A.B. asks: 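Here you go, one structure.
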Amino acid sequence: MDGNGRWAAKRFMPRGVGHKAGVDSLVNVVKACSDRGIPYLTVFAFSSENWKRPEEEVSGLMSLLIVALSKHLIKLRSDGVRIRVVGDVAQVSDKVRQALADAERQTAENSRLVLTVAFNYGGRWDIVQACRKALDAGVRSDAMTEEVLSDFMAMSYAPDPDLFIRTGGEVRLSNFLLWQSAYAELYFTDCLWPDFDSSELDKALHEYARRERRFGGVNVDPSESRGAV
Ligand code: FPP
């Protein structure tokens with residue numbers, strides 16, 4: 001969800017205003033995905049690297065998360081959205097951790113759309129924590145396979161993403177879902193996240209539909225797509 005800061009700067013406003021607009025955009029995109037029958041949406045809300053931002057911006061993002069959850073949770077719950085959180089939440093404040101855990105608990109019965117919020121997440125962190133958990137579970141090196149390790153990855157409950165969208169003009173993965181995106185179709189757009197709406201989502205989905213997916217083979221089985229973004 002890149003481009004909040006630039007969106008605000010274009011309007012001569014502080015970066016926090018852009019993040020706030022980013023939350024509104026996220027709420028709209030969740031609804032649009034739900035309307036289109038997309039069962040999994042995963043968003044990069046705070047990366048392991050985002051701690052390097054000015055203290056004021058980091059604490060603003062933390063407060064925004066709490067405010068956004070309290071503002072939108074009831075609606076998300078009644079819309080059938082299940083919230084799940086992935087990332088190293090042991091490193092965030094008790095208040096933020098509790099807000100995230102509460103959102104997960106309150107929506108645990110839902111299944112229309114699984115919204116995974118990656119918070120203090122990094123793809124390399126995920127691979128390392130999966131290896132650690134596998135070793136702790138007693139998996140021996142000769143039993144270690146891609147399938148076995150996948151079961152220990154933070155998003156083992158979800159299919160791998162079919163479509164990876166990055167807004168804001170940068171053309172890189174920035175340590176997001178590295179393991180899971182091995183065969184994801186990548187879509188980069190200059191659109192700044194607060195401007196990313198249902199029509200921008202449709203552009204991405206149309207582009208996705210044009211792509212020929214081979215998963216390293218020759219023939220494509222359309223049923224391989226699970227509709228995860
Ligand atoms: C990147 O834009 C965006 C972020 C680091 C934060 C994304 C967070 C939100 C959209 C808030 C919603 C999340 C939750 C869960 C409340 P940037 O600041 O790097 O923008 P720039 O590249 O234009 O500077």
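Computed from a predicted structure; not experimentally measured.
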A.B. asks: Would you call T116 and V85 a side-chain contact if the rule is heavy atoms closer than 4.5 Å?
C.D. replies: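 No - every pair of side-chain heavy atoms lies 4.5 Å or more apart.
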A.B. asks: In terms of hydrophobic clusters joined by side-chain contacts under 4.5 Å, are V128 and L177 together?
C.D. replies: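 As far as the 4.5 Å side-chain criterion goes, L177 and V128 are not connected within one cluster.
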A.B. asks: Consider only side-chain heavy atoms of I, L, V, M, F, W and Y, link residues closer than 4.5 Å, and tell whether I66 and V89 are in one cluster.
C.D. replies: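 Yes.
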A.B. asks: Do NZ/NE/NH1/NH2 and the carboxylate oxygens of D102 and R105 come within less than 4.0 Å?
C.D. replies: yes
A.B. asks: Is the shortest side-chain heavy-atom distance between V114 and I83 below 4.5 Å?
C.D. replies: no
A.B. asks: Let me check something: do M155 and L115 share a hydrophobic cluster, defined by ILVMFWY side-chain heavy atoms less than 4.5 Å apart, either directly or through other members?
C.D. replies: no
A.B. asks: Hey, could you give me the CD1/OG1 distance between I74 and T107, rounded to the nearest 0.5 Å?
C.D. replies: 13.0 Å
A.B. asks: If you compare all heavy atoms of P161 against all heavy atoms of A184, which two are closest, and at what distance to 0.1 Å?
C.D. replies: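 So the minimum-distance heavy-atom pair works out to O-CB, 3.4 Å.
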A.B. asks: Could you please spell out the steps behind the salt bridge (charged side-chain N to carboxylate O under 4.0 Å, His left out) verdict for E200 and K203?
C.D. replies: CA-CA 5 Å; E200 291 292 334; K203 278 191 214 166; 3.0 Å; yes
A.B. asks: Determine the minimum heavy-atom distance between R36 and S198, stating which atoms define it.
C.D. replies: NH2-CB, 3.7 Å
A.B. asks: Tell me if a side-chain donor or acceptor on S34 pairs with a main-chain N or O of V30 at a distance below 3.5 Å.
C.D. replies: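 No.
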A.B. asks: CG/D24 to NE2/H19 distance, rounded to the nearest 0.5 angstrom?
C.D. replies: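 Reported value, rounded in 0.5 Å steps: 13.5 Å.
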A.B. asks: Run the numbers on L100 and L65 for side chain to side chain contact (heavy atoms under 4.5 Å, CB included), then give the verdict.
C.D. replies: CA-CA 9 Å; L100 290 168; L65 176 76; 3.7 Å; yes
A.B. asks: Can a salt bridge be assigned to the pair D136 and R132 using a cut-off of 4.0 Å between side-chain N and carboxylate O?
C.D. replies: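 So D136 does not pair with R132 through a salt bridge.
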A.B. asks: I'd like to know if the side chain of W125 pairs up with that of N175 as donor and acceptor (distance under 3.5 Å, no hydrogens or angles considered).
C.D. replies: no
A.B. asks: Is the shortest distance from a Lys or Arg side-chain nitrogen in R112 or D79 to a carboxylate oxygen in the other one below 4.0 Å?
C.D. replies: no
A.B. asks: Compare all side-chain heavy atoms of C33 with those of L113 and state whether any distance is below 4.5 angstrom.
C.D. replies: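 Touching, per the 4.5 Å side-chain cut-off.
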A.B. asks: Could you walk me through whether V229 and D162 pass the side chain to side chain contact (heavy atoms under 4.5 Å, CB included) test, one step at a time?
C.D. replies: CA-CA 6 Å; V229 178; D162 293 306; over 6 Å; no
A.B. asks: Does the cation-pi check pass for R11 over W7, that is, NZ or CZ under 6.0 Å from the six-membered ring centre and within 45° of its axis?
C.D. replies: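 The answer is yes; both the distance and angle limits are met.
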A.B. asks: Given side chains that start at C-beta, do those of S25 and D197 come closer than 4.5 Å, heavy atoms only?
C.D. replies: no
A.B. asks: When you compare the side chain of L192 with that of N4, does any pair of heavy atoms fall below 4.5 Å?
C.D. replies: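 Heavy-atom side-chain distance check fails, nothing below 4.5 Å.
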A.B. asks: Would you mind reporting whether R166 and E170 have side-chain heavy atoms less than 4.5 Å apart?
C.D. replies: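 A side-chain contact exists here, since the closest heavy-atom pair is under 4.5 Å.
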A.B. asks: So, taking the atom named CG in D202 and the one named CD in E207, what distance separates them when rounded to the nearest 0.5 Å?
C.D. replies: 13.5 Å
A.B. asks: Backbone N or O of A99 within a donor-acceptor pair of the E104 side chain at under 3.5 Å?
C.D. replies: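 Flag not set: sc E104 to bb A99 has no pair under 3.5 Å.
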A.B. asks: Give the minimum heavy-atom separation between M153 and A130, together with the two atoms involved.
C.D. replies: SD-CB, 3.4 Å
A.B. asks: Under a single-linkage definition using a 4.5 Å side-chain heavy-atom cutoff for Ile, Leu, Val, Met, Phe, Trp and Tyr, are W193 and F46 assigned to the same hydrophobic cluster?
C.D. replies: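 Yes, W193 connects to F46 through the hydrophobic network.
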A.B. asks: Would you please say whether a donor-acceptor pair under 3.5 Å links the side chains of D126 and Y121?
C.D. replies: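 Yes.
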A.B. asks: Do S181 side-chain atoms and L178 backbone N/O form a donor-acceptor pair below 3.5 Å?
C.D. replies: no
A.B. asks: I'd like to know whether V171 forms a side chain to side chain contact (heavy atoms under 4.5 Å, CB included) with L186, so could you lay out the CA-CA distance, the side-chain angles of the two residues, the decisive distance to 0.1 Å, and finally the verdict.
C.D. replies: CA-CA 9 Å; V171 188; L186 307 180; over 6 Å; no
A.B. asks: Determine whether V139 and L149 make a side-chain contact, defined as any pair of heavy atoms from C-beta on separated by less than 4.5 Å.
C.D. replies: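 With C-beta onward as the side chain, the pair stays apart.
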A.B. asks: Can you name the closest pair of heavy atoms from V86 and A154 and give their distance?
C.D. replies: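 Shortest heavy-atom contact: CG1-O, 3.6 Å.
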A.B. asks: What's the separation between atom CZ in F44 and atom CZ in F176, rounded to the nearest 0.5 Å?
C.D. replies: 6.0 Å
A.B. asks: When you group the ILVMFWY residues by side-chain heavy-atom contacts below 4.5 Å and let the links chain together, are L61 and V67 in the same group?
C.D. replies: no
A.B. asks: Using only atom types and a distance under 3.5 Å, with no angle test, would you say the side chain of S48 pairs donor to acceptor with the backbone of G122?
C.D. replies: yes
A.B. asks: Between Y40 and R82, is a side chain to side chain contact (heavy atoms under 4.5 Å, CB included) present by the stated rule, with each step listed?
C.D. replies: CA-CA 10 Å; Y40 293 92; R82 177 172 187 176; over 6 Å; no
A.B. asks: Does the side chain of N50 reach to within under 4.5 Å of the side chain of N120, using non-hydrogen atoms?
C.D. replies: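 Counting from C-beta outward, N50 and N120 never come under 4.5 Å.
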A.B. asks: Under 3.5 Å, is there a donor-acceptor pair between the side chain of D2 and the main chain of G168?
C.D. replies: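 Between the backbone of G168 and the side chain of D2 there is no qualifying donor-acceptor contact (under 3.5 Å).
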A.B. asks: Kindly compute the distance separating CH2 (W51) from CD (E57), expressed to the nearest 0.5 Å.
C.D. replies: 12.5 Å
A.B. asks: I need the minimum non-hydrogen distance between L69 and A103, along with the two atoms involved.
C.D. replies: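 Result for this residue pair: CD2-CB, 4.0 Å.
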A.B. asks: Distance check, rounded to the nearest 0.5 Å: R172 atom CZ versus F188 atom CZ?
C.D. replies: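 Between atom CZ of R172 and atom CZ of F188 there are 10.0 Å.
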A.B. asks: If you compare all heavy atoms of A228 against all heavy atoms of D160, which two are closest, and at what distance to 0.1 Å?
C.D. replies: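 Distance-wise, the nearest heavy atoms are CB-O, 3.8 Å.
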